[in-house]
There are 2 protein chains.
Amino acid sequence: METLLKSLGDEKRCEIIRLVWSRELPAATIAAHFPDVTRSAISQHLGVLRRADLVHERREGPRRLYSANQGELARVRAFVDSFWTSSLEKLKLVAEAAANESGEVQ
Amino acid sequence: METLLKSLGDEKRCEIIRLVWSRELPAATIAAHFPDVTRSAISQHLGVLRRADLVHERREGPRRLYSANQGELARVRAFVDSFWTSSLEKLKLVAEAAANESGEVQ
DNA sequence: TTCTTACGTAAGAATCAACTTACGTATTGT
DNA sequence: ACAATACGTAAGTTGATTCTTACGTAAGAA
């Protein structure tokens with residue numbers, strides 16, 4: 001969950017997710033929406049989103065088409081909701097679930 | 001909003017918010033829940049949360065009592081929800097679709 | 001094959017984030 | 001007044017983030 005929230009902690013990345021929310025877009029089209037930074041910077045933002053599984057990449061010829069993974073966003077929404085619904089006793093379970101999914105090895 | 005999301009991008013800060021979600025706690029009590037880091041580190045996390053207005057501070061004698069600002073969390077929730085519901089985004093997509101149909105190349 | 005398009009990645013600079021230790025400042029008790 | 005308590009803040013280190021330029025690769029067109 002920390003990875004997800006960190007990924008959303010950048011305005012450009014949030015905007016990218018909105019751009020590909022309901023359709024696929026190639027990287028160049030996404031980059032064109034950000035005239036103030038280079039295509040490389042956007043490519044790296046896409047890498048962050050991809051590793052957080054917040055977007056899906058599909059290759060079609062030389063293009064890479066990106067689309068939002070709404071399911072991961074739904075998990076973020078559930079996490080934020082859990083501030084209201086999680087009792088103090090459930091706190092440990094939430095923390096453990098977050099730790100498990102962040103891939104810690106023991 | 002970026003400040004809010006960045007503040008939530010740290011597990012300890014999320015846990016602090018949970019701790020003071022429905023009651024006030026003094027800084028020392030909060031710090032006691034994090035035996036792996038110093039009290040200073042927690043004090044700095046509280047500063048981040050305070051500047052993001054995610055917690056409220058009330059002074060009582062030598063103590064500083066913290067409590068969650070649920071209203072700011074509600075703004076985060078609304079922001080996440082807006083990925084699904086933002087009509088502005090829907091309009092933007094319609095406009096972009098029209099632009100693509102008329103043959104703009106990038 | 002060679003050029004162009006569409007992309008990722010490497011390397012490096014500048015900035016930011018999360019911590020530590022050390023210190024400063026109110027407040028309260030003696 | 002003096003010491004103890006409860007806290008924030010300064011300074012410094014380390015590692016992560018965000019960008020740039022430069023380069024590499026795969027796919028398709030000429």
Side-chain angles (χ1 to χ4, degrees), chain A residues 1-17 19-20 23-67 95 98-99 102-104, chain B residues 1-17 19-20 23-68 100 103-106:
Chain A
M1 183 54 63
E2 202 174 4
T3 302
L4 281 175
L5 286 167
K6 276 190 159 68
S7 298
L8 295 178
D10 182 281
E11 256 176 27
K12 289 190 186 70
R13 287 197 289 263
C14 283
E15 186 63 28
I16 289 173
I17 291 172
L19 286 171
V20 298
R23 61 164 174 179
E24 292 178 313
L25 284 181
T29 304
I30 296 168
H33 280 84
F34 300 93
D36 294 346
V37 294
T38 61
R39 183 189 55 74
S40 172
I42 299 303
S43 179
Q44 288 170 67
H45 279 307
L46 285 169
V48 170
L49 291 172
R50 203 186 323 118
R51 284 186 290 275
D53 200 23
L54 279 165
V55 299
H56 178 245
E57 179 197 289
R58 183 171 70 87
R59 303 195 183 192
E60 191 182 69
R63 292 187 186 80
R64 311 216 183 173
L65 300 172
Y66 288 94
S67 53
S102 68
E104 101 285 29
Chain B
M1 184 52 63
E2 203 174 1
T3 301
L4 281 175
L5 286 167
K6 276 189 160 68
S7 299
L8 294 179
D10 182 282
E11 253 177 31
K12 290 191 186 69
R13 288 196 289 264
C14 284
E15 195 159 343
I16 288 172
I17 291 172
L19 285 172
V20 299
R23 60 174 170 171
E24 290 179 315
L25 285 180
T29 304
I30 296 168
H33 281 82
F34 299 94
D36 293 346
V37 294
T38 61
R39 183 189 55 75
S40 174
I42 299 305
S43 180
Q44 287 171 66
H45 279 308
L46 286 169
V48 171
L49 292 172
R50 203 186 322 119
R51 282 186 289 276
D53 201 23
L54 279 165
V55 298
H56 179 247
E57 179 197 290
R58 183 172 70 87
R59 302 195 184 193
E60 192 181 68
R63 292 185 186 80
R64 312 216 183 173
L65 299 172
Y66 288 93
S67 54
N100 286 333
E104 112 279 49
V105 180
Q106 295 165 5

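None of the values given here were measured: they were computed from a predicted structure. Chain A is the first sequence line, chain B the second, and so forth, proteins listed ahead of strands; every chain is numbered from 1. Computed over heavy atoms, backbone and side chain alike; hydrogens, waters and symmetry mates excluded.
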Sorted by chain and residue number, the side chain to side chain contact (heavy atoms under 4.5 Å, CB included) partners of B:A28 (sequence neighbours excluded) come out as none

Within a strict 4.5 Å, meaning less than it, do heavy atoms of the B:L8 and A:L8 side chains meet?
no

Who is the Watson-Crick or G-U wobble partner of C:dA26, with both distances under 3.5 Å?
D:dT5

Drop me the distance from A:R64's CZ to A:S43's OG, to the nearest 0.5 angstrom.
8.0 Å

Of residues 52-66 of chain A, the positions that come close to DNA chain D - non-hydrogen atoms, cut-off under 4.0 Å
A:G61, A:P62

How far apart are the closest heavy atoms of A:V37 and A:A41, and which atoms are they?
CB-CB, 4.1 Å

Sorted by chain and number, sequence neighbours left out, side chain to side chain contact (heavy atoms under 4.5 Å, CB included) with A:R50 holds for A:V55, A:E57, A:Y66

Using the rule side chain to side chain contact (heavy atoms under 4.5 Å, CB included), only one of A:I16, A:I17, A:L46 pairs with A:L54; which is it?
A:I17

5'-most to 3'-most nt of DNA chain D touching chain B (<4.0 Å, heavy-atom partner on protein side) reads D:dA6 to D:dA10

Output the distance between atom CG (A:L19) and atom CG (A:L25), rounded to the nearest 0.5 Å.
6.5 Å

Pairwise distance CG(B:L5) to NZ(A:K6) - rounded to 0.5 angstrom:
12.5 Å

Please produce a list of atom pairs where a protein N or O lies less than 3.5 Å from an N or O of nucleotides 14-19 of chain C.
unit_1, atom_1, unit_2, atom_2, d
C:dA18, OP1, B:D10, OD2, 3.4
C:dA18, OP1, B:R13, NH2, 3.4
C:dA18, OP2, B:R13, NH1, 3.1
C:dA18, OP2, B:R13, NH2, 3.4
C:dC19, OP1, B:K12, NZ, 2.8
C:dC19, OP2, B:H45, NE2, 2.2
C:dC19, N4, B:Q44, OE1, 3.0

Could you walk me through whether A:F34 and A:H45 pass the side-chain contact (heavy atoms from CB on, under 4.5 Å) check?
CA-CA 12 Å; A:F34 300 93; A:H45 279 307; over 6 Å; no

Return each pair, listed once, that meets salt bridge (charged side-chain N to carboxylate O under 4.0 Å, His left out) where at least one residue sits in residues 24-48 of chain B; pairs must be two or more places apart or across chains.
B:E24-B:R58

